[in-house]
**Student:** 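A single structure is presented below for examination.
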Amino acid sequence: MITAVSPSIDKRMAEIVEKVRRGERLTLEDGVYLYESDDLLTIGQMANEVNLRKNGKKVYFIENMSLYFTNVCESHCAFCNFRKDQGEEGAYTLSGEEMVAYVEQHITPGVREFHIVGGHNQHVPFQYYVDSLKALNERFPDVTIKAYTAAEIEFFTRLSGLSTKEVLTELQKAGLQSLTGGGAEILSDQYREKMKVEKANVDQYLDVHRTAHQLGMKTHTTMLYGSIESHEDRIRHMLQIRELQDETGGFMVFIPLSMQPRNKNAGIMRRNSAYEDLKTIAISRLMLDNIQHIKAYFINIGVQLTQVALTFGASDVHGTILKEQISHAAGALTPDGLTRKELVWLIKGAGRIPVERDTFYNEIEVYE
């Protein structure tokens, strides 16, 4: 039973509390109101109650590795500090054999997933991206390949001349089992124009995931918040994801990504506040009633705030990762990975039950 934390809860908040208690779907207006409210504790308590209904006290993590085949990219998105031009200092493109050698050097026992993203490198053919997955799948057949964003898939259609379905089918043959959630940024074409998001537009992003779901894949989805977008933009983003989930049921988790300032030395005024991060995680849980999990991504919000987020609606803390690069290139100050022991400690420290999972949220081990 939800009891408002604030003694001075207003009528509008009380109405939303009652809707959440009854399990009613929140509207655009409800979501914007929550963002504009300063009653963080009541919002967090509602999100916590919804999460406990869905997942109990279990919080999930996975042993995974982040891999980046190339940082060469045709796009020049305003928020990205990872990309390079061909020939620029620091630019690289690894072959499948080179990546296999890298993995053999760094992989740890228990890794169950490769998380693969990278630049939109137009200087190699689509077959390069197919062969990259094939090389990993042949050498590590027991590790799930979660690879490429919807924006990368759209890029592959232009690179190859194939349809979205054909691209995804070829990648599935090579070992692809799930798509990453990146490339969503904010699902607003006006936002994408202002932020120079030179990749898949809103309809294309959603269509790639729709097609993947139709092909039997379960996928992930994100929202990159904290730049020029309005609160309404964020809620409309969530509603578009919710509508597609109503249609396909293919999303496993929603991942709010806190924008990084592109400079490790940037002051706190150029970073999202802890208040904003917790509010976004909580509101995501409240708006996305048809997605099982909301992820607190420690790479972007920090380990300690991730722990707090587990009582604000989050039920997943991602994974071991091993050498994350994209957020750190943009100025993240967090560790670039955590061990299984550290993740278990983090979750237990929040009074929750750690559950090691596979890519598809099948439980591997419960740490009571």
Side-chain angles (χ1 to χ4, degrees), residues 16 19-20 22-32 34-35 46-47 49-56 58 60 62 146 148-154 164-165 168 176-189 191-192 200-225 229 231-257 280-297 312-316 318 357-362:
I16 294 175
K19 287 178 76 170
V20 171
R22 294 195 300 261
E24 293 181 15
R25 176 162 278 188
L26 300 188
T27 65
L28 170 67
E29 293 75 20
D30 293 333
V32 172
L34 291 174
Y35 258 122
M46 286 191 288
E49 290 292 332
V50 170
N51 180 48
L52 289 173
R53 276 185 231 151
K54 284 183 171 291
N55 299 299
K58 290 182 175 180
Y60 295 81
I62 188 170
K146 179 182 76 177
Y148 305 136
T149 66
E152 287 173 276
I153 300 300
E154 188 277 329
T164 299
K165 182 177 181 179
L168 289 170
L176 178 68
Q177 292 178 262
S178 180
L179 295 182
T180 70
E185 323 316 356
I186 294 292
L187 293 175
S188 157
D189 286 328
Y191 167 95
R192 297 170 98 77
N201 63 30
V202 173
D203 289 342
Q204 290 167 333
Y205 178 89
L206 294 170
D207 184 62
V208 167
H209 281 279
R210 178 183 291 106
T211 304
H213 298 166
Q214 290 169 347
L215 289 171
M217 275 194 274
K218 297 292 186 180
T219 68
H220 309 69
T221 189
T222 61
M223 179 180 75
L224 182 66
Y225 66 92
E229 81 282 354
H231 291 154
E232 183 173 334
D233 288 334
R234 295 183 195 177
I235 298 299
R236 288 189 182 279
H237 176 110
M238 295 178 200
L239 292 180
Q240 290 180 85
I241 296 299
R242 191 170 77 180
E243 288 169 9
L244 181 55
Q245 182 74 344
D246 280 342
E247 178 187 336
T248 68
F251 290 122
M252 296 181 287
V253 59
F254 180 79
I255 311 156
L257 297 174
T280 297
I281 287 168
I283 292 172
S284 298
R285 179 63 287 165
L286 293 169
M287 297 302 300
L288 296 168
D289 52 63
N290 55 0
I291 293 181
Q292 190 69 25
H293 299 287
I294 304 297
K295 182 177 293 186
Y297 189 49
F312 277 71
S315 58
D316 189 288
H318 198 58
R357 62 173 176 85
D358 66 10
T359 300
F360 307 103
Y361 287 86
N362 297 307

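Note that the structure is a prediction, hence the values are computed from the model and not measured. One-based numbering along the sequence shown.
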**Student:** I want to check something: taking the side chain as every heavy atom from C-beta on, are M238 and I283 in contact at a cut-off of under 4.5 Å?
**Tutor:**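 Yes, their side chains come closer than 4.5 Å.
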**Student:** Rounded to the nearest 0.5 Å, what's the gap from CD on Q292 to OG on S315? Could you check?
**Tutor:**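 Output value for this atom pair is 7.0 Å.
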**Student:** Tell me whether the NZ or CZ atom of R234 lies within the 45° cone about the ring axis of Y35 and under 6.0 Å from its centre.
**Tutor:**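 Because its charged atom sits under 6.0 Å from the ring centre and within 45° of the axis, R234 does stack over Y35.
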**Student:** So, does E243 use its side chain to make a donor-acceptor pair with the main chain of Q240 at under 3.5 Å?
**Tutor:**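 Looks like no, no N/O pair under 3.5 Å.
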**Student:** For H220, check ring-ring contact (aromatic ring centres under 6.0 Å, His included) against everything at least two apart and list the hits.
**Tutor:**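 Result, ring-ring contact (aromatic ring centres under 6.0 Å, His included) vs H220: none returned.
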**Student:** Any side-chain heavy-atom pair from I294 and V253 closer than 4.5 angstrom?
**Tutor:**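 I294 does not reach V253 side chain to side chain.
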**Student:** Could you grab the distance from atom CD1 of I153 to atom OG1 of T164, nearest 0.5 Å is fine?
**Tutor:**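 One gets 8.5 Å once the value is rounded to the nearest 0.5 Å.
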**Student:** With the side chain counted from C-beta on, respond yes when R53 and V20 share a heavy-atom pair under 4.5 Å apart, and no when they do not.
**Tutor:**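 R53 reaches V20 side chain to side chain.
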**Student:** Between H213 and T219, do the side chains contain an N or O donor and an N or O acceptor separated by less than 3.5 Å?
**Tutor:**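 There is such a pair (donor and acceptor under 3.5 Å, judged by atom type) between the side chains of H213 and T219.
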**Student:** Kindly determine whether V50 and D289 satisfy side-chain contact (heavy atoms from CB on, under 4.5 Å), including the steps that lead there.
**Tutor:** CA-CA 8 Å; V50 170; D289 52 63; over 6 Å; no
**Student:** M223 versus T280: any side-chain heavy-atom pair under 4.5 Å?
**Tutor:**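 A side-chain contact under 4.5 Å exists here.
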**Student:** Give me the ring orientation class for Y60 and H293: parallel if the planes are under 30° apart, tilted from 30 to 60°, perpendicular past 60°.
**Tutor:**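 Plane angle over 60°, so perpendicular.
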**Student:** Residues in ring-ring contact (aromatic ring centres under 6.0 Å, His included) with H209, at least two apart?
**Tutor:**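 With sequence neighbours excluded, H209 shows a ring-ring contact (aromatic ring centres under 6.0 Å, His included) to Y205, F251, given in chain and number order.
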**Student:** Return the CD1 to OG1 distance between I291 and T221, rounded to the nearest 0.5 Å.
**Tutor:**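 So the CD1 of I291 and the OG1 of T221 are separated by 7.0 Å.
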**Student:** Indicate the atoms forming the closest heavy-atom contact of S178 with M252, along with that distance.
**Tutor:**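 Residues S178 and M252, closest heavy atoms: OG-CE, 4.0 Å.
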**Student:** Nearest 0.5 Å, please: how far is OH in Y225 from NE2 in H237?
**Tutor:**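 Result: 12.0 Å between the selected atoms.
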**Student:** If we ignore hydrogens and angles and just use 3.5 Å, is the side chain of T222 paired with the main-chain N or O of G181 as donor and acceptor?
**Tutor:**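 Side chain of T222 to backbone of G181, a donor-acceptor pair under 3.5 Å: yes, one is there.
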**Student:** Pair R192, E185 - check salt bridge (charged side-chain N to carboxylate O under 4.0 Å, His left out), show working.
**Tutor:** CA-CA 8 Å; R192 297 170 98 77; E185 323 316 356; 5.6 Å; no
**Student:** Is there a donor-acceptor pair closer than 3.5 Å between any side-chain N or O of N290 and the backbone N or O of R242?
**Tutor:**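 It does hold such a pair.
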**Student:** Indicate yes or no: at least one non-hydrogen side-chain atom of R357 is less than 4.5 angstrom from one of D316.
**Tutor:**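 Contact flag for R357/D316 side chains = yes.
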**Student:** Measure the spacing between CE of M217 and OG1 of T211 and express it to the nearest 0.5 Å.
**Tutor:**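 Atom-to-atom, M217:CE and T211:OG1 are 9.0 Å apart.
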**Student:** Just by modelled atom types, is the T180 backbone N or O under 3.5 Å from a matching donor or acceptor in the T149 side chain?
**Tutor:**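 A pair under 3.5 Å: no.
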**Student:** Considering all heavy atoms of both residues, which atom of G249 and which atom of K218 are nearest to each other, and what is their separation?
**Tutor:**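 Taking G249 first and K218 second, the nearest heavy atoms are O-NZ, 3.1 Å.
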**Student:** Below 4.0 angstrom, N of the basic side chain to O of the carboxylate: do D207 and K165 qualify?
**Tutor:**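 No salt bridge links D207 with K165.
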